[in-house]
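Working notes for the structure below.
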Amino acid sequence: LPAFSAGSHIDVHLPGGLVRQYSLCNDPAESRHYRIAVLRDAASRGGSVAMHDQVREGDTLTISEPRNHFPLEHAPHTLLLAGGIGITPLLCMAQRLRATGASFELHYATRSLARTAFRDEIAAFGDRVKLHLDDGDAAQKLDLPAVLAAQPEGTRLYVCGPTGFIDFVLSTAKARGWPADHLHLEYFGAAPQDTTGDQAFEVRLASSGQSYTVPADKTVVQALQEHGIEIMVSCEQGVCGTCLTRVLEGECDHRDLYLTDEEKAANDQFTPCCSRAKSKVLVLDI
Ligand code: FES
């Protein structure tokens with residue numbers, strides 16, 4: 001299979017036409033198989049339930065080549081922070097860091113021992129791993145300020161997990177003066193957006209000059225699709241960047257987790273799978 005680096009994910013095409021991204025969690029040195037892990041989440045938008053209920057051993061699934069938006073950078077020490085099933089890309093990183101003899105530690109926060117994925121595999125990392133169980137005693141809970149304070153100069157931090165966990169880690173680190181370029185994150189699903197105040201707006205295509213209305217209850221991708229204009233999408237929730245489109249005029253209302261704050265402020269591209277417009281018209285470079 002094509003080689004991959006730690007932190008990579010693949011797009012998986014599921015029964016029913018859904019496409020979802022999953023991090024590869026096997027050792028990047030192994031190229032004879034890819035491994036993903038999918039938590040069954042009844043509250044999900046359908047991907048995890050389709051995987052659990054409709055995919056059977058022996059089935060063939062279409063997948064993309066691996067892509068990496070969450071690469072490991074060289075550092076004197078690496079701090080990996082996993083919340084729940086966010087362990088998957090970090091497990092792959094831990095394998096890579098161990099293989100290269102690099103200095104690292106992994107903190108893995110989960111609900112209970114019974115709900116801890118990869119328990120045995122993680123135990124093999126010995127004292128470089130600390131488990132923090134929600135239902136365990138107070139002494140073993142993740143004391144993030146203390147963990148951050150104990151890191152040597154130049155440490156890079158990687159976090160993956162639910163949105164609330166990532167936001168908590170980032171805000172705690174930033175408040176303690178960690179440089180933004182040493183904080184690396186990967187969301188695996190966006191929090192639901194409040195769409196009650198959404199308004200209709202126009203998009204104009206630079207190539208044809210044609211304008212289309214995006215109603216309050218549709219995304220730009222959906223509105224254009226109805227007129228036969230396809231924008232390639234994958235996650236459809238502003239996480240993967242597949243749909244990224246250049247904006248030539250107008251003001252974007254960014255709703256994604258993909259672009260950085262600086263990129264959003266530049267206002268020259270947006271993710272039409274979820275982002276909208278603050279101005280009445282957006283002119284798109286398509
Ligand atoms: Fe993933 Fe738009 S399709 S960000």
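Not measured: the values here are computed from a predicted model. Ligands are counted one by one from 1 in listed order, and the atoms in each one are counted from 1 as well.
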### Contacts of type side-chain hydrogen bond (donor to acceptor under 3.5 Å, both in side chains), residue Lys278, not counting sequence neighbours
none
#### Entry: Count of N, O or S atoms belonging to protein, less than 2.8 Å from atom 1 (Fe) of ligand 1
2
Acceptor/donor pairs from residues 202-211 side chains to any protein atom, 3.5 angstrom cut, sequence neighbours excluded:
| unit_1 | atom_1 | unit_2 | atom_2 | d |
| --- | --- | --- | --- | --- |
| Glu202 | OE2 | Thr213 | OG1 | 2.8 |
| Ser207 | OG | Ile286 | O | 2.8 |
| Ser208 | OG | Gln210 | N | 3.2 |

### Query
Do any pairs count as a ring pair (Phe, Tyr, Trp, His ring centres under 6.0 Å) and have a residue in residues 42-73, sequence neighbours left out, and if so which ones?
His9-His69, His69-Tyr258, Phe70-Tyr158
### Query
Should Leu183 and Leu81 be regarded as members of a common hydrophobic cluster, given that ILVMFWY residues are connected when their side-chain heavy atoms come within less than 4.5 Å of each other, either directly or indirectly?
yes
### Query
Under 4.0 Å between a Lys/Arg side-chain N and an Asp/Glu carboxylate O for Asp143 and Lys141?
no
### Task
Ignoring hydrogens and angles, state whether a donor on the side chain of Glu73 or His182 is under 3.5 Å from an acceptor on the partner side chain.
no
